[in-house]
Amino acid sequence: MNQTIRPEKQSPETQAIVLDDVFPHERGILWKALTNSALIARWLMPPTGFEPVVGTRFTFQTKPAGEWDGIIRCEVLEVIENERLSFSWAGGHEANEGYGSKLDTVVTFTLSEAESGTRLRLVHSGFVLPVNDSAYRTMGEGWKVVVGRLDTVAGDETGGKTEH
C-alpha cells in the first residue's frame with residue numbers, strides 16, 4: 001500500500017492527519033463503503049444512526065476512559081455523492097488527559113479519479129496540541145489500519161479481494 005501520512009499545519013495550535021492513497025476500485029464502490037452503515041462497521045466501527053444526509057447526528061462507541069463515556073458524537077457536515085463525505089468527530093472529556101481528552105475534530109473523505117482507480121484523501125482535522133497529542137498520535141496510526149480495512153471491504157464488494 002502506498003499510504004502517506006503527514007501532519008498538515010492548520011494554525012499554530014491545530015494539526016490534521018492526512019492520508020492520501022490510490023485504490024484499484026471504482027469510485028462508486030468506495031463511496032458505498034464510506035456511506036453504508038453495515039460496511040462502515042466492517043472497516044471502522046459500527047455507527048448508530050448514520051445516514052449520508054447533511055445534519056444527521058450519529059455515534060460510535062469505543063473504550064471509555066476516566067470521565068469520558070467512550071461515545072464519539074458525529075454530525076454529517078457535507079455529502080457530495082461519489083466525491084466527498086465530511087462529518088464532525090467529537091468525544092472525550094475536559095477532565096481527562098491523554099486518551100479520552102476532549103476532542104472536537106472533523107473527518108473528511110474526498111474521492112477523485114486516478115489513473116489506476118480512485119484516489120482517497122482522508123483529512124482528520126482540528127487536533128489541538130498539546131491537549132490532543134495522544135489522540136493525534138494514536139489516530140494517525142489507527143487511520144492507516146482503518147484505510148487498509150476499507151480497501152479490503154471495497155475489494156469484497158467488487159467480488160474479489162485486492163492487495164494494494
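In this text the structure is predicted, and so the values were computed from the model without any measurement. This chain uses plain numbering: 1 for the first residue, then up along the sequence.
The closest side-chain heavy-atom distance from Leu34 to Leu150 is below 4.5 Å. In this structure, the side chains of Thr118 and Trp31 stay at 4.5 Å or more apart for every pair of heavy atoms. Between Phe109 and Leu30, every side-chain heavy-atom pair lies at or beyond the 4.5 Å cut-off. Residues Phe50 and Asn36 fail the side-chain proximity criterion, which asks for heavy atoms closer than 4.5 Å. At a threshold of 4.5 Å between non-hydrogen side-chain atoms, the residues Val106 and Ser86 count as touching. The side-chain heavy atoms of Thr105 and Tyr136, taken from C-beta on, include no pair separated by under 4.5 Å.
Across Gly49 and Thr56, no two heavy atoms sit closer than the pair O-CG2, 3.3 Å. Closest approach of Ala114 and Val22 over heavy atoms only: CB-CG1, 3.8 Å. In this structure, Ala33 and Val153 approach most closely via the heavy-atom pair CB-CG1, 4.3 Å. The nearest pair of heavy atoms linking Met139 to Trp89 is CE-NE1, 3.3 Å. Minimum heavy-atom separation, Ser37 to Pro47: O-CD, 3.7 Å. Of all heavy-atom pairs spanning Ala65 and Gly100, the tightest one is CB-CA, 4.4 Å.
Within a 6.0 Å sphere centred on CD of Glu97, other residues, nucleotides and ligands contribute 12 heavy atoms or fewer. At most 12 heavy atoms of other shown residues, nucleotides or ligands fall within 6.0 angstrom of atom CD in Glu26.
For Asp69 (side chain) and Pro64 (main-chain N/O), no donor-acceptor pair under 3.5 Å exists by modelled atom type.
Both Trp43 and Met45 are assigned to one and the same hydrophobic cluster, defined by single-linkage of ILVMFWY side chains at heavy-atom distances under 4.5 Å. Under the 4.5 Å side-chain heavy-atom criterion for Ile, Leu, Val, Met, Phe, Trp and Tyr, Leu77 and Ile17 are members of distinct hydrophobic clusters. A continuous path of hydrophobic side-chain contacts links Tyr99 to Leu103 [ILVMFWY only; heavy atoms under 4.5 Å]. Phe58 and Leu39 fall within the same hydrophobic cluster, defined by Ile, Leu, Val, Met, Phe, Trp and Tyr side-chain heavy atoms under 4.5 Å apart, directly or through other members. Clustering ILVMFWY residues whenever any of their side-chain heavy atoms sit less than 4.5 angstrom apart, transitively, puts Leu85 in the very cluster that holds Leu111.
For the residue pair Asp151 / His25, a side-chain donor-acceptor distance below 3.5 Å is found, with atom types taken as modelled.
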Task: Trace of the side-chain contact (heavy atoms from CB on, under 4.5 Å) decision for Leu122 with Val146 - done: CA-CA 11 Å; Leu122 178 149; Val146 166; over 6 Å; no
Task: Trace of the side-chain contact (heavy atoms from CB on, under 4.5 Å) decision for Val107 with Trp143 - done: CA-CA 11 Å; Val107 177; Trp143 277 120; 4.0 Å; yes
TODO: Carefully, step by step, assess Arg27 and Glu83 under the rule side-chain contact (heavy atoms from CB on, under 4.5 Å).
DONE: CA-CA 8 Å; Arg27 236 195 300 197; Glu83 283 185 36; 3.7 Å; yes
- [ ] Give the intermediate values and the outcome of side-chain contact (heavy atoms from CB on, under 4.5 Å) for residues Val76 and Glu51.
- [x] CA-CA 8 Å; Val76 177; Glu51 287 185 50; over 6 Å; no
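Taking CZ of Arg84 as the reference point, atom CZ of Arg121 lies at 11.0 Å (rounded to 0.5 Å). Rounding to the nearest 0.5 Å places CZ of Phe23 at 10.5 Å from CZ of Arg119. To the nearest 0.5 Å, atoms OG1 (Thr59) and CD1 (Ile72) are separated by 9.0 Å. Note that the CH2 atom of Trp68 and the NZ atom of Lys63 stand 10.5 Å from one another [nearest 0.5 Å]. Taken from CG in Leu44 to CZ in Arg149, the straight-line distance is 7.5 Å, to the nearest 0.5 Å. The distance from the CG atom of Asn132 to the OG atom of Ser101 is 4.5 Å, given to the nearest 0.5 Å.
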